[in-house]
Amino acid sequence: MGLDIWGKSLKELEEYITLNNFPKFRAKQIHDYLYHRCIFTFDEMKQLPKNMREWLKENASIYIPEVINSIQSNDGNTTKILFKLKDGSLAETVCMHHKYGNSICVSTQIGCAMGCIFCASTRNGLERNLTFGEMLSQVYAFKKLKNISVHSIVLMGAGEPLTNYENCLKFIKLCNDSSILNISYRNITLSTCGIVPQIYRLEKENLPITLAISLHAPNDKIRNEILPSSKHFKIEDVIRASKHYFENTGRRITFEYILIKGINAAPKHAVELAKLIGNLNCHINLIPVNGTEHIQLFAPSKKEIFEFQQILEKMGKSATVRRQMGNEIQAACGQLKRRYLENR
Ligand code: SAH
């Protein structure tokens, strides 16, 4: 087995290779195989001398999880992969094929501790954090399977990224690394349910990524109902942290707001939301809830959604309705995995 070299920066790989008495340029060759040609076995790295390949097989490993299922939406714009990791855990990754390029939605944990009522990933609580290497391999499995280039990354799959902070940060840096994915920080979005102290911590990293905050409600009462973990943080404190983040990074915040009929989607909620946000420079992403099997939640009608958006716009807020992609393949958080487990 040996050292897992997956997710090592070029510099780290060079150190490892030279320490073991191989020339430094070999590290660059291996790096190119892994991250530019998606070749994940030493045997296929034909540019390396045979003795080096044999040595690597004895002393190093490349860990890429097994893809056990992949499905594509009818329109071909969304693909979802289910992975089996070393310990048997299952993780989901979604790729959305947009006009401007491919966007990959990465899971950051197995399960989730946050307990949001609409989300299938959190039904069995948190199993474990994903490592930065496991996050990177979600992206590369897609690159290999589909032979695609990746335009943007969203940390918006299963899990709460800000409770797996170090791994997520390292993963974000690997995405940006010019010798790995070379994705601009501006094209990386981290979505959080609003862990206030971690928002301040992230701000200090000074990375020009986009921060998306799952607000989902205009007040604490509704927020506590649909997002139980929000009991630890007052909605006002989430807004204050968002303001602070914007003022110190210059990066406009995105608020995600799931629209659930009968809960948070009435005109009065739109008014309350606009007032809550005040003059903060942000964008509001309205997301009609995707039905899940475990709980009866419904999206409002098209007309009601339009009205909600219009109220926000009239009150000077920038708001759009998220295009629903991959509904029929259960692209919303955790739904494919639950299906798989239930049918097994
Ligand atoms: N924990 C992070 C990231 C994972 S959830 C967070 O809370 O932001 C990311 C997003 O998945 C949520 O904001 C929501 O937009 C979406 N999501 C989860 N379940 C959904 C469902 N049933 N319908 C629509 N969107 C859903």
Side-chain angles (χ1 to χ4, degrees), residues 78 80 91-94 96 103-123 125-126 129-130 135 138 153-165 167-168 171-172 188-196 198-199 202 209-217 223-224 226-233 235 238 241-242 245 253-261 263-265 282-300 305 319-339:
T78 310
K80 185 158 196 169
E92 292 181 348
T93 312
V94 181
M96 288 153 290
S103 173
I104 296 194
C105 176
V106 171
S107 290
T108 58
Q109 293 178 323
I110 303 289
C112 182
M114 299 299 121
C116 303
I117 59 162
F118 49 81
C119 180
S121 293
T122 193
R123 300 291 295 158
L126 175 69
N129 284 334
L130 289 171
M135 293 180 215
Q138 294 175 47
I153 299 282
V154 293
L155 288 82
M156 214 182 259
E160 169 45 51
L162 293 187
T163 61
N164 183 13
Y165 191 91
N167 279 306
C168 288
F171 166 64
I172 289 170
I188 301 175
T189 300
L190 183 149
S191 178
T192 174
C193 66
I195 315 282
V196 171
Q198 298 292 71
I199 295 175
L202 185 65
I209 59 171
T210 301
L211 181 62
I213 297 183
S214 293
L215 204 57
H216 301 331
R223 198 159 192 262
N224 292 171
I226 51 184
L227 217 150
S229 68
S230 71
K231 292 196 180 89
H232 302 290
F233 310 105
I235 202 164
V238 175
S242 308
Y245 189 92
I253 301 276
T254 299
F255 286 115
E256 295 160 275
Y257 192 103
I258 279 205
L259 289 165
I260 312 172
K261 196 176 174 63
I263 295 189
N264 65 355
C282 66
H283 178 76
I284 304 162
N285 211 331
L286 300 170
I287 310 162
V289 71
N290 254 316
T292 58
E293 286 141 2
H294 67 277
I295 185 163
Q296 295 273 333
L297 296 173
F298 300 100
I305 295 171
T320 46
V321 181
R322 184 183 288 174
R323 230 173 96 214
Q324 282 187 291
M325 291 179 81
N327 228 341
E328 82 274 15
I329 62 162
Q330 298 101 37
C333 224
Q335 295 183 34
L336 176 69
K337 175 169 163 184
R338 288 199 72 77
R339 254 303 148 76

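Residues: numbered from 1 along the sequence shown. Bear in mind the structure is a predicted one, so any value in this text is a computation, not a measurement. Order of listing sets the numbers, starting from 1, for every ligand and every atom in it.
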Q) Between I226 and I117, does a side-chain contact (heavy atoms from CB on, under 4.5 Å) hold up when you go through it step by step? A) CA-CA 5 Å; I226 51 184; I117 59 162; 3.3 Å; yes
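- When heavy-atom distances to ligand 1 are checked against a 4.0 Å cut-off, M114 has no atom that comes that close, whether in backbone or side chain.
- The shortest N or O to N or O distance between G159 and ligand 1 is below 3.5 Å.
- Remark: I258 CD1 to N264 CG distance equals 8.5 Å, nearest 0.5 Å.
- Under the 3.5 Å distance criterion, the side-chain polar atoms of S214 are left unmatched by any main-chain donor or acceptor of E256.
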Q: Under the side-chain contact (heavy atoms from CB on, under 4.5 Å) rule, what do T254 and T189 come out as? Steps first, then yes or no, please.
A: CA-CA 9 Å; T254 299; T189 300; over 6 Å; no
Q | Worked check of side-chain contact (heavy atoms from CB on, under 4.5 Å) between M135 and N164 | A | CA-CA 12 Å; M135 293 180 215; N164 183 13; 3.4 Å; yes
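- The distance criterion of under 3.5 Å between nitrogen or oxygen atoms is met by F118 with respect to ligand 1.
- The backbone N or O of L162 lies less than 3.5 Å from a partner atom in the side chain of Q198, making a donor-acceptor pair.
- Residue I258 holds the heavy atom nearest to atom 14 (C) of ligand 1 of all those in I258, V154, V289, I213.
- Close approach to R322 involves these atoms of ligand 1, each under 4.0 Å from a residue heavy atom: 15 (O).
- For ligand 1, the atoms sitting less than 4.0 Å from at least one non-hydrogen atom of I287 are 15 (O), 24 (C), 25 (N), numbered in the order shown with element in parentheses.
- Look at G157 and you'll find a heavy atom under 4.0 Å from some atom of ligand 1.
- Here E256 has side-chain heavy atoms under 4.0 Å from ligand 1, and that is the only part of it that gets that close.
- For ligand 1 and C193, the ligand atoms under 4.0 Å from any heavy atom of the residue are 6 (C), 7 (O), 8 (O).
- Side-chain contact between F171 and V106: present, with at least one pair of heavy atoms (C-beta onward) separated by less than 4.5 Å.
- Interface of S214 with ligand 1, defined as ligand atoms under 4.0 Å from a residue heavy atom, comprises 6 (C), 7 (O), 8 (O), 12 (C), 13 (O).
- Contacts between Q109 and ligand 1 below 4.0 angstrom, taking non-hydrogen atoms only, are absent altogether.
- Atoms of ligand 1 lying under 4.0 Å from at least one heavy atom of H216, given by number and element, are 13 (O).
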Q: Report the C-alpha distance between E160 and S229 in whole Å, list the side-chain angles of each, state the deciding distance to 0.1 Å, and finish with yes or no for side-chain hydrogen bond (donor to acceptor under 3.5 Å, both in side chains).
A: CA-CA 11 Å; E160 169 45 51; S229 68; over 6 Å; no
